[in-house]
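Since the structure comes first, as structure tokens, the remarks are kept for the end.
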Amino acid sequence: LGAMAPHLLHHVGLVAGGAFLAGATGTWLFGLVALGAMVPMLVRLRRRTGGWRVPALLLAVMAVVFAVSRSVM
């Protein structure tokens with residue numbers, strides 16, 4: 001068993017690294033999809049409010065909610 005430990009840890013490292021990369025990539029991918037889906041709404045909101053202050057605040061709220069939901073999951 002002692003001789004097999006380095007070999008088993010080698011496989012655990014690969015699996016853990018792959019899971020971390022998949023998790024980080026998925027988080028960025030879904031974040032970009034959410035941002036892309038919000039762009040038309042943000043542009044309409046800017047036209048209605050006459051400035052970028054309200055859309056920027058809404059985008060910040062979305063980023064906070066996304067970060068909190070990602071850290072809890």
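Being a predicted model, the structure only gives us computed values, none of them experimental.
Through direct or relayed side-chain contacts under 4.5 Å between Ile, Leu, Val, Met, Phe, Trp and Tyr, Leu32 connects to no other residue. Val39 belongs to a hydrophobic cluster whose remaining members, ordered by chain and number, are Val43; membership requires side-chain heavy atoms of ILVMFWY residues under 4.5 Å apart, directly or through intermediates.
In this structure, the separation between CG on Leu59 and CE on Met41 is 9.0 Å, given to the nearest 0.5 Å. Here Leu45 contributes atom CG and Arg47 contributes atom CZ; the two are 11.5 Å apart, rounded to the nearest 0.5 Å.
Both Leu35 and Leu58 are assigned to one and the same hydrophobic cluster, defined by single-linkage of ILVMFWY side chains at heavy-atom distances under 4.5 Å.
In this structure Leu57 satisfies the side-chain contact (heavy atoms from CB on, under 4.5 Å) test with no other residue, sequence neighbours excluded.
The shortest distance between side-chain heavy atoms of Arg48 and Val54 does not fall below 4.5 Å.
The two residues Ala37 and Pro40 make their nearest non-hydrogen contact at O-CD, 3.6 Å.
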